[in-house]
Amino acid sequence: MNLLIFLVGIILAVIAARPKINPKIRWTAIIIQIAILVIAPLVTKSTAILFDALTAMCIAYGWNFIGGYTGYASFGNAAFLGLGAYVAAGFMSRQSGHPNFPWFIGIPLAVVIVSIVAGLLGIALLRLRGQYFSIATLGIFVAMPEVINWDLFFGQNGPFPNFFGGGLPLNFPLVRDVMVLGVKLSADQHLFYYLGLATALFALLLTALVSRSKFGYSLIAIRENEEAAEVMGINATRSKVLAFMLSAALAALGGAVVGFKLTNMTTEAEALFSTVNNLQMIIVCLIGGLGTLWGPWIGAFALFGIQELLRVFSGNETFLRWEAVVFGVVIVLVVLFLPRGLMWFVRGQERLTWRSLLKNLQEFRV
Amino acid sequence: MLLGSVMDFLQHLVNGLLQGSTLALMALGFSLVWGILHIVNLSHAATIMLSAYLTYFLWSLLGIDPLLSIPISMAALFVFGFLLQKYVINFVMKAPPLTTFLLTYGLESLLVNLALRFFTADLRQSKPAYANASFLVGGLYIPYTQLAGVAISLGLTLAVYLYLDHSKSGRAIRAVAMDRIAARLMGINISNVYALTFGIGAALAAAYGAILSTTNAFFPNGFGIYNILAFSIVVLGGLGSIPGVLVGGITFGLIYEFAGTYMLAQRDVVIFAILILVLVVKPTGLLGREGYGGR
Amino acid sequence: MSSSRPLLEVQQATKRYAGVTAVENISFDVFPNEIVGLIGPNGAGKTTLINLITGTAVPTQGVITFEGVKLNGLKPYQISHKGIARTFQVVHPFANLTVLENVAVGAMFGAKGRQRSTGDAFKRAEEILKFVQLDAKKGEPANSLTIVHRKRLELAKALALEPKLLLLDEVMAGLRGVEVLEATQLIRDINQLGITVLVIEHVMKVIMSVCQRVIVLDYGKKIAEGTPQEVTNNPAVIKAYLGARHPSTVNSVESSTNES
């Protein structure tokens with residue numbers, strides 16, 4: 001069932017992404033898409049993988065702002081993802097010494113704080129271009145877990161004592177099933193799923209608004225030619241820093257929601273700050289198409305569709321054991337055969353055939 | 001009291017210098033690949049990891065001395081690097097940086113996760129009889145393995161330096177670094193030069209991995225920092241300069257040692273901060289040249 | 001020459017790069033509504049001078065003022081908001097955007113464009129494309145254009161900023177015969193709109209026919225300034241372009257520089 005939802009989702013997104021399509025058909029496709037996702041928990045046994053796909057989509061939409069639209073390939077967004085989860089947990093935890101905020105205050109607050117952190121880092125890092133920017137952001141990714149464990153700030157005697165747990169465990173509050181109008185909504189199957197869906201739709205809406213705005217055009221101009229953009233009146237530094245902040249904000253939002261569902265931040269640190277997470281958002285954008293509105297949508301459904309397919313055919317146990325390895329193989333294959341993403345075909349620049357895939361493979365060869 | 005802290009300081013200084021010289025070897029292959037193939041190779045750390053495991057298993061299963069097995073692991077990883085470039089990385093040589101970055105990072109993730117599957121996350125270390133032995137010079141401890149590491153590192157660095165300058169294939173590598181198109185017109189087979197360089201880079205990483213397996217306990221996930229370190233060392237020393245790699249390696253060896261002593265768990269943050277500082281203030285590095293073309 | 005206050009004043013501008021002096025101690029004024037030519041052999045420092053005026057490079061010494069306001073220390077985008085636009089010798093289109101989008105970006109972020117909505121910016125862009133006769137290509141991606149059209153797009157992008165001063169960096173290079181004449185007329189038309197123009201050119205013929213005043217650079221220094229007639233008869237200029245051995249006639253100056 002989940003496979004079907006992914007497949008239909010991709011088809012509808014492809015229809016919506018077609019450049020010369022009748023607006024009525026486009027809106028119909030979008031509305032059907034949303035309707036399917038809203039009723040999904042009723043028709044599928046487990047929404048777990050849909051939740052994963054939707055939150056990954058939100059995080060990928062974030063990466064798309066800096067890596068896709070602006071052309072600055074960040075390899076450090078997983079640091080903001082993890083930080084978002086930790087800050088939100090710090091605000092929401094029921095343990096003593098934590099402010100015990102409800103989720104609708106704790107998560108937005110975490111998003112704002114992470115954006116500010118990203119803004120400050122961005123002012124320094126966005127002077128760098130190309131590989132230099134990428135590796136510097138990779139440095140953020142490596143250094144961030146150490147910052148969270150830094151006793152100077154978060155130890156017993158720091159300014160934020162034990163905010164990230166310190167020696168104590170750090171947990172999100174446990175979410176229980178609720179009864180609404182006599183219907184039982186389970187935490188994992190319904191509540192977290194809808195929260196995940198909301199983040200994905202929020203990210204889509206934000207991208208739609210930005211890509212039509214002056215700010216969006218300033219990002220594209222910077223990507224295409226930064227020097228020309230600057231003499232044409234674009235404050236490149238400001239646009240880039242804003243894009244980086246937006247990108248970190250969506251990473252933090254997705255991360256906080258994922259962390260909320262995982263609950264235990266003491267044992268899940270490695271999962272959140274993993275290389276797989278760091279690469280996943282980039283590969284989602286790349287599969288779909290960099291710097292496009294529907295690219296991350298198509299990419300996320302395609303990537304998680306493949307995973308679901310393998311899970312169905314190999315059995316859950318085997319798949320979980322090999323998940324990270326499979327993911328590495330997927331990256332290599334996508335980079336070699338689909339360097340421009342599926343959007344290249346969706347927009348009708350070329351037909352999707354074996355031959356065009358082989359042509360892609362040969363294109364950048366020496 | 002004062003004498004004690006002075007001795008402490010000197011001991012850290014010696015440790016930093018020893019570590020730094022081997023770190024130069026760690027970054028040398030990375031520098032060659034970046035300078036000549038124009039690729040920031042993020043699978044470099046995974047290559048070090050593979051060699052560390054190879055050395056460990058040669059020692060623990062077959063009883064081969066970890067330092068004596070260095071030629072074996074270098075040869076094995078040379079073949080690995082050569083084939084990896086020829087059959088995978090060669091397809092993205094002309095692609096934008098994001099593509100090569102993503103591909104090598106993907107390979108890194110793939111190799112690390114394969115290692116996790118097959119070798120588990122247990123801590124390993126090759127421990128021959130002399131592993132923890134050291135000798136005293138003027139009250140300072142110098143571990144044998146570290147000293148051997150320095151000797152191997154300096155020897156290989158000198159060998160690479162002479163190879164690039166005086167051998168036929170070394171000159172071909174430099175010609176390609178200078179001008180790919182002109183080199184092709186001179187009849188040099190570009191893709192062979194690339195594969196050869198990548199192989200040499202992997203072999204140098206392998207030598208470091210072998211030394212590392214005797215000096216440190218390791219597990220698959222612990223190697224990511226070496227990509228950042230190698231990049232930082234090359235940026236600080238300057239891309240395309242072998243003496244630059246030595247200068248960068250020793251500098252970061254000292255930083256790593258002192259940051260590790262006084263900031264304990266936060267030394268990667270220090271490395272990151274210094275990397276940013278260098279990139280923003282002097283992106284061409286201390287001894288930078290265009291790739292390995294100039295000299 | 002106008003007697004009014006200068007629009008642009010360059011005072012003793014100097015630029016050194018790691019031991020090489022690209023531009024040394026250059027001073028000149030540009031007055032409102034003029035068309036001024038800036039010529040000199042390759043490597044004379046013309047493009048460096050443009051970079052200094054537009055903030056792409058920072059002067060080592062000297063002061064540059066526009067409408068009495070000092071430009072030193074301003075970023076390129078701030079200078080463009082003051083009303084200075086430029087073209088690049090090596091054209092810088094936004095390759096994956098359409099021709100119309102390229103120009104609309106200029107209409108969005110220029111001196112007056114900042115108050116404009118995106119919709120209005122696209123309308124303005126259409127008008128400008130008509131003016132430079134590129135409207136037939138508006139839906140095509142910029143990287144599919146021929147060099148002639150790319151040069152014109154470069155001009156349209158600069159015009160979209162609605163500048164008071166337009167700096168044209170070799171917009172004629174690569175054009176032939178009729179194309180040069182069309183481009184020359186376009187420069188006059190732009191000037192008719194009330195835009196002051198500083199033209200950098202190799203093609204001497206263009207400068208002579210369109211400029212009221214010419215400034216000549218050689219090895220980073222200003223060697224002459226005056227009407228086209230005065231400058232072509234100036235021995236220093238002839239020497240710079242031809243070397244001392246050659247006979248000093250205007251015609252030979254023109255023909256030899258046309259080829260480059």
Side-chain angles (χ1 to χ4, degrees), chain A residues 19-20 64 67-73 123 126-127 129 207-243 285-286 289-293 295 339-341 343-344 346-350 363, chain C residues 50-51 53-57 74-88 90-98 101-122 125 139 141-143 153-154 156-163 167 169:
Chain A
K20 280 171 190 153
N64 201 26
Y69 283 100
T70 319
Y72 277 69
I123 290 169
L126 287 158
R127 301 149 159 262
R129 295 196 186 170
T207 306
L209 291 175
V210 166
S211 65
R212 282 167 179 73
S213 71
K214 277 191 186 186
F215 170 57
Y217 274 104
S218 78
L219 301 183
I220 297 170
I222 289 167
R223 176 187 73 203
E224 295 291 316
N225 193 318
E226 190 161 342
E227 199 185 3
E230 284 203 295
V231 303
M232 288 178 79
I234 292 169
N235 184 346
T237 309
R238 194 181 62 186
S239 286
K240 287 188 293 185
V241 170
L242 274 176
C285 289
L286 198 70
L290 299 175
T292 60
L293 176 58
R340 286 199 206 81
M343 201 54 83
W344 184 254
V346 170
R347 285 183 169 168
Q349 262 114 337
E350 209 169 335
E363 180 170 7
Chain C
I50 297 286
N51 287 344
I53 296 169
T54 54
T56 314
L74 294 186
K75 295 259 172 63
Y77 76 93
Q78 292 169 317
I79 291 173
S80 93
H81 290 168
K82 299 251 180 273
I84 299 181
R86 71 172 289 183
T87 65
F88 285 93
V90 179
V91 289
H92 280 18
F94 302 131
N96 292 309
L97 293 185
T98 64
E101 284 173 322
N102 262 275
V103 182
V105 168
M108 273 177 222
F109 297 100
K112 293 176 196 157
R114 281 184 292 165
Q115 287 82 33
R116 224 175 244 144
S117 70
T118 35
D120 290 346
F122 275 93
N143 56 9
L153 173 61
E154 188 76 8
K157 282 166 67 189
L159 279 176
L161 295 167
E162 289 154 281
L167 311 173
D169 195 352

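Treat the numbers as computed from the prediction; the structure is a model and nothing was measured. What you see below is based on every heavy atom in this structure, not just the backbone, and it leaves out hydrogens, waters and symmetry mates. Protein chains get the first letters and strands the later ones, always in sequence-line order, with residue 1 at the start of each.
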Response to the item:
Interface check, chain A: of P93(C), A95(C), G106(C), most non-hydrogen pairs under 4.5 Å belong to A95(C)
Worksheet item: Looking at A228(A) and F94(C), what are the two nearest heavy atoms and their distance?
Response: CB-CE2, 4.0 Å
Response to the item:
dist H81(C):NE2 -> M232(A):CE (nearest 0.5 Å) comes out at 11.0 Å
Practice prompt. Could you tell me which portion of F88(C) (side chain, backbone, both or neither) has an atom closer than 4.5 angstrom to a non-hydrogen atom of chain A?
Written response: side chain
Worksheet entry | Contact leader toward chain C among V231(A), I220(A), N235(A), where contacts are heavy-atom pairs under 4.5 Å | N235(A)
Item to complete: Could you check which of R223(A), R212(A), E230(A) has the highest count of heavy-atom pairs closer than 4.5 Å to chain C?
Response: E230(A)
Practice prompt. Report yes if the side chains of E101(C) and Y217(A) come closer than 4.5 Å at any heavy-atom pair, otherwise no.
Written response: yes
Worksheet, complete the sentence: Taken in chain and number order and not counting sequence neighbours, the residues that satisfy side-chain contact (heavy atoms from CB on, under 4.5 Å) with R129(A) are Y72(A), E226(A)
Worksheet entry | Heavy-atom pair with the smallest gap, counting every atom of S80(C) and G233(A) | OG-CA, 2.9 Å
Worksheet item: To the nearest 0.5 Å, how far apart are OG1 in T54(C) and CD in E227(A)?
Response: 8.0 Å
Worksheet entry | Per-residue contact mode, A85(C) against chain A (heavy atom under 4.5 angstrom) | neither
Worksheet, complete the sentence: Applying a strict 4.5 Å limit to non-hydrogen atoms, the region of Q78(C) in contact with chain A is neither
Worksheet entry | Distance (rounded to the nearest 0.5 Å) between E224(A) CD and N143(C) CG | 8.5 Å
Practice prompt. State which residues pass side-chain contact (heavy atoms from CB on, under 4.5 Å) with I234(A); sequence neighbours excluded, sorted by chain then number.
Written response: S218(A), A221(A), I222(A), A229(A), S239(A), V105(C), F109(C)
Worksheet entry | Contact class of L161(C) relative to chain A, heavy atoms under 4.5 angstrom | side chain
